[in-house]
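I have placed the structure first, in the form of structure tokens, so that the comments after it can refer back to it.
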Amino acid sequence: MLEVKNLKVYYKSEEGIIKAVDDVSFKVKDGETLGLVGESGCGKSTLGQAIMKILPLNARLYGEIILNGQNIIKMNEKQMREIRGRDITMIFQDPMTSLNPIMKVKDLFVEIVRAHFPDISKEKAIEMGGGVLKDVGIDPSRMNQYTFQFSGGMRQRVMIALGLVLKPSFVISDEPTTSLDVIVQAQIIELMNKLRDEYQMSMLLITHDLGVVAQLADKIGVMYAGHLVEISSKENIYYNPKHPYTKALLDSIPNTDINDKDLKYIPGSPPDLGKPPKGCRFAPRCEYAMDICHEQEPPSFLIEGSEVKCWLYENSQDLNNVNVGGTND
Ligand code: ATP
Ligand code: SF4
């Protein structure tokens, strides 16, 4: 359903070219949720914006993004406007800044529905919006309110409802729960799980929160400094991680044991994407780094159902394995 092939997003800046997404490939099948995780600045949001083609003007896009058989990189803005919201939608992380505060909720629905289907009456658009509002747990009578009259969790629900009103088959969700407290976060996760099944949608879930992907994703992609360094099933990532960065990321999840004072973290910081190191971008922070790691960028190796961009697996590649990511089915 969505296939991303050798995607590159480079930003032109005063400091030079920032390689925010660099040769990333993966697939998301019908009904599947791919969680994309990684430290701040690794290129997650850029990747989501590239798929929506809502990148800033200083960005250049290379590669292929095939959605329902069409390469959207080749589409012009008019064609993109037709599919955004109808076939593919993005739910953003901060509803307070993304929702127009001077419009009533019903008018937000009317605007979205009629941008795609001008023949649909205002009344019908409001009725459609009411149906989705109910699905996200908000009484349709609140249609007449402004979004500032809603709590943070309720605003996130409105945001989700607006994204789903045209029943898109693919949803990109960028940090959907970041600004919410843990109780509301759990409610939103439960809601998204329910809606994913009811609306039969595929999802790309962008988050730095490994707890959120554990609950929502089928497959997980781990990004580091613009590269997709590991992609596999959720079970493999959590119980059999391969890439040293994936392992370090999982080790750094704080636990709630008050006697455990041993908070682990990954030493150092991600590289400047304007001047990434030669070879593996994780090498300066990797405890397993070998000579080759500082010289040559590793390709992706297939090992026990995972695609891993790391020289450690050069000699153990499983050629009969099922490729879960970008190149095969
Ligand atoms: P976060 O979780 O903090 O949002 P992220 O993983 O989503 O981070 P991006 O926001 O995609 O990362 O940023 C990837 C890289 O691209 C970063 O180095 C960032 O500074 C850079 N970047 C993002 N937008 C621009 C821009 N408009 N011009 C230049 N560089 C940019
Ligand atoms: Fe570490 Fe080398 Fe693997 Fe990079 S390629 S993650 S430096 S072992």
Side-chain angles (χ1 to χ4, degrees), residues 4 7-24 35-61 90 92-94 97-98 172-179 204-210 212-213 221-231 241-251 266-301 303 306-317:
V4 170
L7 184 70
K8 295 178 181 173
V9 185
Y10 293 173
Y11 292 112
K12 214 170 160 186
S13 77
E14 282 178 9
E15 292 80 46
I17 303 294
I18 312 288
K19 298 182 174 182
V21 174
D22 208 6
D23 207 9
V24 165
L36 211 52
V37 296
E39 275 164 287
S40 182
C42 67
K44 307 180 297 292
S45 297
T46 297
L47 185 52
Q49 289 164 14
I51 297 170
M52 291 294 286
K53 278 184 81 180
I54 51 167
L55 287 161
L57 289 174
N58 64 334
R60 291 288 169 274
L61 197 55
M90 190 158 182
F92 293 94
Q93 55 177 288
D94 186 1
T97 50
S98 315
I172 300 173
S173 190
D174 191 356
E175 303 281 6
T177 59
T178 301
S179 54
L204 179 68
L205 175 70
I206 297 169
T207 178
H208 65 277
D209 190 328
L210 284 152
V212 172
V213 273
V222 180
M223 282 193 77
Y224 184 77
H227 284 158
L228 188 62
V229 295
E230 180 162 2
I231 180 164
K242 299 281 183 215
H243 196 282
Y245 178 65
T246 311
K247 292 181 189 180
L249 208 56
L250 288 164
D251 278 349
I266 308 173
S269 48
D272 174 354
L273 292 181
K275 297 182 209 76
K278 197 174 164 197
C280 170
R281 292 184 180 180
F282 189 55
R285 303 171 81 186
C286 179
E287 58 180 300
Y288 305 99
M290 305 166 280
D291 288 346
I292 191 175
C293 306
H294 296 284
E295 291 301 322
Q296 284 182 46
E297 188 185 310
S300 279
F301 297 107
I303 171 86
S306 302
E307 259 184 69
V308 195
K309 199 172 165 58
C310 171
W311 284 119
L312 288 175
Y313 301 98
E314 185 184 12
N315 298 319
S316 46
Q317 173 157 224

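Ligands are counted one by one from 1 in listed order, and the atoms in each one are counted from 1 as well.
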Fill in: Test side chain to side chain contact (heavy atoms under 4.5 Å, CB included) applied to K275 and E15, step by step
CA-CA 9 Å; K275 297 182 209 76; E15 292 80 46; 5.7 Å; no

[X] heavy atoms, cut-off 4.0 Å: which ligand 1 atoms fall inside?
| X | value |
| --- | --- |
| G41 | 1 (P), 3 (O), 5 (P), 6 (O), 8 (O), 12 (O), 14 (C), 15 (C), 17 (C), 18 (O) |
| T46 | 9 (P), 11 (O), 13 (O), 14 (C) |
| A20 | 14 (C), 15 (C), 16 (O) |
| E39 | 6 (O) |

Item to complete: Return yes if a side-chain donor-acceptor contact under 3.5 Å exists between T46 and Y11, otherwise no.
Response: yes

Practice prompt. Do me a favour and list the nearest non-hydrogen protein atom to atom 6 (S) of ligand 2 with residue, atom name and distance?
Written response: H243 CE1, 3.4 Å

Fill in: Polar proximity ligand 1 side, L273 side, N/O cut 3.5 Å exclusive
no

Worksheet item: What about K44: any of its N or O atoms under 3.5 Å from an N or O on ligand 1?
Response: yes

Practice prompt. Can you run down the salt bridge (charged side-chain N to carboxylate O under 4.0 Å, His left out) pairs that involve residues 241-251, sequence neighbours left out, and say none if there aren't any?
Written response: K242-E304

Discussion item. I need the contact type for P56 against ligand 1. Using non-hydrogen atoms and a strict under-4.0 Å cut-off, is it side chain, backbone, both or neither?
Written reply: side chain

Response to the item:
Any heavy atom of N58 under 4.0 Å from ligand 1? The part involved is side chain

Item to complete: Could you tell me whether E297 and R281 make a salt bridge, using a distance below 4.0 angstrom between a side-chain N and a carboxylate O?
Response: no

Discussion item. Applying a heavy-atom cut-off of 4.0 Å, say which part of K309 lies close to ligand 2: side chain, backbone, both or neither.
Written reply: neither

Item to complete: Apply side chain to side chain contact (heavy atoms under 4.5 Å, CB included) to V37 and H208, showing your working.
Response: CA-CA 5 Å; V37 296; H208 65 277; over 6 Å; no

Practice prompt. Could you please tell me which protein N, O or S atoms lie under 2.8 Å from atom 2 (Fe) of ligand 2?
Written response: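 Metal shell, protein only: C293 SG.
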
Item to complete: Between G48, G43, S40, flag the one that comes closest to atom 1 (P) of ligand 1 by a heavy atom.
Response: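 Nearest option to atom 1 (P) of ligand 1, by heavy atoms: S40.
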
Worksheet, complete the sentence: Output for pair (H243 NE2, F301 CZ), nearest 0.5 Å, gives 10.5 Å

Worksheet item: Considering all heavy atoms of both residues, which atom of A50 and which atom of L61 are nearest to each other, and what is their separation?
Response: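 Scanning both residues, the minimum pair turns out to be CB-CD1, 3.7 Å.
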
